[in-house]
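Values reported hereafter were calculated over all heavy atoms of this structure, with side chains retained and with hydrogens, waters and symmetry mates removed. Protein chains get the first letters and strands the later ones, always in sequence-line order, with residue 1 at the start of each.
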Amino acid sequence: MSVDMRTYLGHVELANPIVTAAGCAGSGAELAQFFDLGRIGALTTRSITMAPRAGRPTPRMTETPSGLLNGVGLQGPGVDAFLTRELPWLAQRNIRTVVSIGGGTVAEYAALARRLNDAPGVTALEVNLSCPNIEDRGRVFARDGAASAEVIAAVRAVMRYDVPVVAKLSPDTADIVSVARACATSGADALSMINNPLGMSIDTETMLPALAAGTGGLSGPAIRPLAVRCVWQVRAALPDVPIIGMGGVLTGRDAFELILAGACVVAVGTALFHDPSSCLRILRELEEIVAARGYQRLADVIGLAHRPPGATARHRTDFEESSL
Amino acid sequence: MSVDMRTYLGHVELANPIVTAAGCAGSGAELAQFFDLGRIGALTTRSITMAPRAGRPTPRMTETPSGLLNGVGLQGPGVDAFLTRELPWLAQRNIRTVVSIGGGTVAEYAALARRLNDAPGVTALEVNLSCPNIEDRGRVFARDGAASAEVIAAVRAVMRYDVPVVAKLSPDTADIVSVARACATSGADALSMINNPLGMSIDTETMLPALAAGTGGLSGPAIRPLAVRCVWQVRAALPDVPIIGMGGVLTGRDAFELILAGACVVAVGTALFHDPSSCLRILRELEEIVAARGYQRLADVIGLAHRPPGATARHRTDFEESSL
Amino acid sequence: MLTTRQVDAYHALTVVAPRIAEGFRPGHFLGVAVGGPHTSMLTRRAFFIHDVKPDYGGTVEFVFAVDGPGTAWLAGRRARDTLDLVGPLGRPFPLPRDPVTCVMVGDEYGSAMLFTVADALQRRGCRVDFVLGGASADRVFGAMRARRMAETTTLTTEDGSLGMRGRVTDVLPGVIADVRADVVYASGPMETLRRATAVAVEFDIPIQVAVEERMACGIGVCMTCVLPVIGDDGVTRMVRACVEGPVFRGERVRFDDVGTIPFDALGAPGGGSRNVS
Amino acid sequence: MLTTRQVDAYHALTVVAPRIAEGFRPGHFLGVAVGGPHTSMLTRRAFFIHDVKPDYGGTVEFVFAVDGPGTAWLAGRRARDTLDLVGPLGRPFPLPRDPVTCVMVGDEYGSAMLFTVADALQRRGCRVDFVLGGASADRVFGAMRARRMAETTTLTTEDGSLGMRGRVTDVLPGVIADVRADVVYASGPMETLRRATAVAVEFDIPIQVAVEERMACGIGVCMTCVLPVIGDDGVTRMVRACVEGPVFRGERVRFDDVGTIPFDALGAPGGGSRNVS
Ligand SMILES: Cc1cc2nc3c(=O)[nH]c(=O)nc-3n(C[C@H](O)[C@H](O)[C@H](O)COP(=O)(O)OP(=O)(O)OC[C@H]3O[C@@H](n4cnc5c(N)ncnc54)[C@H](O)[C@@H]3O)c2cc1C
Ligand SMILES: Cc1cc2nc3c(=O)[nH]c(=O)nc-3n(C[C@H](O)[C@H](O)[C@H](O)COP(=O)(O)OP(=O)(O)OC[C@H]3O[C@@H](n4cnc5c(N)ncnc54)[C@H](O)[C@@H]3O)c2cc1C
Ligand SMILES: Cc1cc2nc3c(=O)[nH]c(=O)nc-3n(C[C@H](O)[C@H](O)[C@H](O)COP(=O)(O)O)c2cc1C
Ligand SMILES: Cc1cc2nc3c(=O)[nH]c(=O)nc-3n(C[C@H](O)[C@H](O)[C@H](O)COP(=O)(O)O)c2cc1C
Ligand code: FES
Ligand code: FES
């Protein structure tokens, strides 16, 4: 039995809910050797910055239990090269593309949005708020609702209305719901969570930090419980705002977990490093799980775990009856 | 070669740095069947509350990748039964005991400290700040420096001067350093970190939260990178405040990692569920590692990873020379 | 070091573990580490001990059904692999002083732990009768052994593929009446224990049940495995199945309230204590 | 499906993998999943392909030293276990058009990947000479095979237990001079590649090096494995060893700056771009 896997980011329809996570799919061309990128919901780019960035020194990555710690430091070609080389490559192939942007000031985010405004092939704009605010002693925007809201408002103001603006949140905050609410209020059409919580690992042989950058972002299944919790809390507080859920998704079961918590789109990051074509496998597994639970439409299971414990799930047959 | 493993929590000497983590060692008697509790640095009690507590409904625990999610809800006998039954049992056996307390208001924490003030056998008082503040819409104290500082000041004011007060911090905050600083300023003699970050897991069969409580605390190796980062950041900012490090310690290597980051005491929690006598194994492994690196004193490796990358570690032989 | 065999729907693993074998009493269980080194699975899995033998200084055997990743991993073990065990754990069955008549009720893999109990009872001169069941014939464990040792053995399956169609608790009243049972020993899913207890209460005879609650430590330190049990003083407490059980007197277990904190339990929210966390 | 053998200090695993064998070119590497299902180890380990054979539709063999938990797990695999591989990965060695004289420099397990290169060179009529080394005799890989195929083979060990005492790069100048080498192919630790490149530069002959940088994905998407390499345009970029390498022209790699972002690299902090994260 086939399932209608279509989903929506604001008014933008995606063929299915599986997308790549920012910074985990290279420029797209690398993954295209392993599977047809047109078959997933969308590809998310790395966070594009104004200038080219060489990133952090190596070592940049270390393994932790069921996790990965990375200190890449947003290495990338800068917005000019992105617009002349990477985005056209994706657009020519009709690959749905969520463009992620990263900046050091509110003005820089706005400038990036302005540059992307007329570019063909931008399905949605994801604002990576986990960047240090160089005007506030390097405090990360995402920590705090007001700083995040300021960035979102500035980006929303310049970005064309038909491109959804997605605010990407971090779990490293006292209250993710208040940050989410601030972003939604200031114009975010959708929210995306979670970015990597800050972690660290020390090499007990050299007795020094394992990453050249010292601290790094933690990803992978280790953080999935944090991701599920964040999606759950934000969905409970803001049931009408679409959520892109991510964090440690390796299988269709994991994607389904985030969908039950309230995500309508699920991004796959670290799993791509292990299995380059994992997106398609996860999509297939997810579809099988949804079908096995008796549903014909993905839309019917989004946030389903929020129903009261006693209530039975709205079942395919119930649905058929009610549609008569 | 034997290593001098003594360490200090303020002016209180512990024979070695390995202690149990709050809420993970029952009343002590359960573990005593597996090893001699007198051989570890100290036992930490579960968080003692004013009234007896039945805790949360079951299911209370679920496994996550390299982690454990628990929603026990501080089940415990209450302070009266603790003082008449559990503490004397430990005191009679000369088991060093860190008593953890949990409350719903500043006044309740202070009242608990007052009850414990004259009790014999309290080596240190650990204040579990990850409890909801019932006077502030259930916001957890540990989220925020001001709320944490208020609790610590109240407890420090009533607790006898020779019992160190330890503030136990949570990673679920925008800035752990500012919470740590607020606690130290208001009288904490030491800091303990990290308590469980809030997580969640959904049972994809029932399509409902896996824990009866919905959300739960994440523990185990999955969170070790968060623990190392918190200890590192706080040690860098407050180099003179003793730190009890915890979070996912399974082996002597893991304990050594937290010590290199800046902890002078390391607590073992979840590992006890897998291996009841893990504390002694970890202690032995840690001692071997410290010796293998050429050090004779634990004190010489605490925070060692903070040295500048180029600098060579202060080596045993250097130490011998400098002590001539 | 172990040997492995498949018994219908179940796997049986025998492990050389002299210290566990030595301390064993009927009703004890094991904590088994799963997944091998660097696994992402942290908690031990609990299994009742099925049998203990003196070979190689002492072996223990347990029987299990594949349920999730941990039991799937165990099912993949081969002869001579090693296994990391903690045990024996739990409070064993209390045995009667007098030579009474005992009905052993086992459902699904729950049956496996009853045979050492039955042995011990027979050694004390008790009469033993078995009622064993499962969803289908391949899920009824130990029917042959029961037939060899018991006065009577009654089998049930839900699909009728073996013995009577139905549940063990459907036939239990008849068996109790026929054999004039003095006491019931039961092991199986919570629902089976609940029904068996109701039957025993009806007949006004004591029942000992071995409960199965989700466990993380098995040694009493994590507070995962609690259920509401009425104490000698009449007060309901959330007690740990791993150290205060897994064996309880059936009528003391508040089966209908399992999975809740009954409002009258010691320390229940609202029951005079405040809800701190 | 695999077979396994121990070669002195190394383990060699042969895996049936027709698609990888078919796409293989000398210099390619594999990404190998370690730890089995439900492992806590997420990243694939990278290994150079040592050999490819047509048996069973195509097999690949790789050689490794036990270093940490992933390689320890691999060393514990037994015949007929299955292994999860991705490959072939990386940019292979460019081969010269003309029949030139080539010196193959291999240090430790780095030697293992040179034999298929040497084969391909010989098939093009090149003369091949080997310089192989390691810390001790048991860590010099492939000496026999080198002796069989090469015009000359020079061995070094740091402890003098085999061949000359010292490093491969100590004897390299002599070999280059003796055989009048046209080009060097080198594989081994970064320090060895750095020194070998210095020697080649000294002799003003080209050198192709296969670098080994920590990798997480092996397919170019994670940006873990970068090192500063000078492009055709003279600009230094932080390029990915896994897709832009692992084979580079030695003199293009800024060995002294590996582990740093050289101030003049494209996008370096302060180099006109702001440091955003
Ligand atoms: C005292 C006791 C004795 C038991 N004896 C047996 C036995 O003899 N034979 C047998 O087949 N099974 C027995 N069980 C159940 C057995 O422990 C579970 O089937 C097993 O833990 C499932 O592990 P998994 O990894 O396959 O499943 P998962 O569902 O993936 O397990 C995830 C987690 O949940 C726990 N868990 C899941 N199901 C159960 C359960 N039913 N009971 C307790 N914990 C659970 C696991 O321990 C683990 O921590 C017993 C349980 C208890 C508490
Ligand atoms: C292109 C390439 C080819 C290689 N070929 C071989 C080979 O043929 N034979 C061989 O023995 N080794 C080879 N290595 C090194 C091999 O990948 C490491 O020894 C191995 O990854 C160590 O894994 P571990 O789990 O034992 O150690 P750990 O240190 O626990 O590994 C932890 C993490 O660090 C990475 N890592 C650790 N050391 C290295 C290293 N030296 N290089 C790259 N990543 C590392 C691992 O991939 C893993 O992600 C190669 C490395 C690269 C990059
Ligand atoms: C190597 C790496 C690079 C990343 N780069 C970015 C980035 O450029 N922008 C961003 O918003 N998130 C970035 N992330 C975070 C991921 O998009 C994702 O939020 C996170 O890793 C959790 O998902 P996962 O566990 O599936 O990887 C990166 C993560 C990794 C591991
Ligand atoms: C079952 C369980 C109960 C806990 N109870 C408490 C508690 O009562 N008070 C407290 O401060 N921390 C409590 N904790 C947190 C631990 O003390 C510790 O901070 C955390 O689990 C991280 O360490 P670990 O990964 O070694 O378990 C509990 C943790 C677990 C797993
Ligand atoms: S399983 Fe931990 S207390 Fe019972
Ligand atoms: S290893 Fe991921 S980019 Fe090279």
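Listed here is the closest heavy atom pair of B/Ala54 and C/Ala268: CB-N, 3.8 Å. Summarising the geometry of C/Gly259 relative to B/Pro57, their closest heavy-atom pair is O-CB, 3.3 Å, with the distance given to 0.1 Å.
Proximity to chain C (any heavy atom under 4.5 Å) is restricted, for B/Ala25, to the backbone atoms N, CA, C and O. Within the 4.5 angstrom heavy-atom criterion, only side-chain atoms of C/Asp84, from C-beta onward, approach chain B. B/Pro276 touches chain C through backbone and side chain together, each having a heavy atom under 4.5 Å away. Of the two parts of B/Ser27, neither the backbone nor the side chain holds a non-hydrogen atom closer than 4.5 Å to a non-hydrogen atom of chain C.
Of the inter-residue distances, the one linking B/Glu63 atom CD with C/Leu42 atom CG reads 6.0 Å to the nearest 0.5 angstrom.
Within residues 210-225 of chain C, the residues having any heavy atom closer than 4.5 Å to a heavy atom of chain B are C/Glu213, C/Arg214, C/Ala216, C/Cys217, C/Ile219, C/Gly220, C/Val221, C/Cys222, C/Met223, C/Thr224, listed by residue number. The contact list for residues 237-249 of chain C toward chain B, using heavy atoms and a distance under 4.5 Å, reads C/Met238, C/Arg240 by residue number.
The only member of C/Val226, C/Ile261, C/Leu227 that meets side-chain contact (heavy atoms from CB on, under 4.5 Å) when paired with B/Thr58 is C/Val226.
Ranked by heavy-atom pairs under 4.5 Å with chain C, the first of B/Ser66, B/Gly26, B/Gly138, B/Gly55 is B/Ser66. Interface summary for chain C: among B/His274, B/Gln33, B/Arg46, the most heavy-atom pairs under 4.5 angstrom belong to B/His274.
C/Glu22 CD: 12 or fewer foreign heavy atoms inside a 6.0 Å radius.
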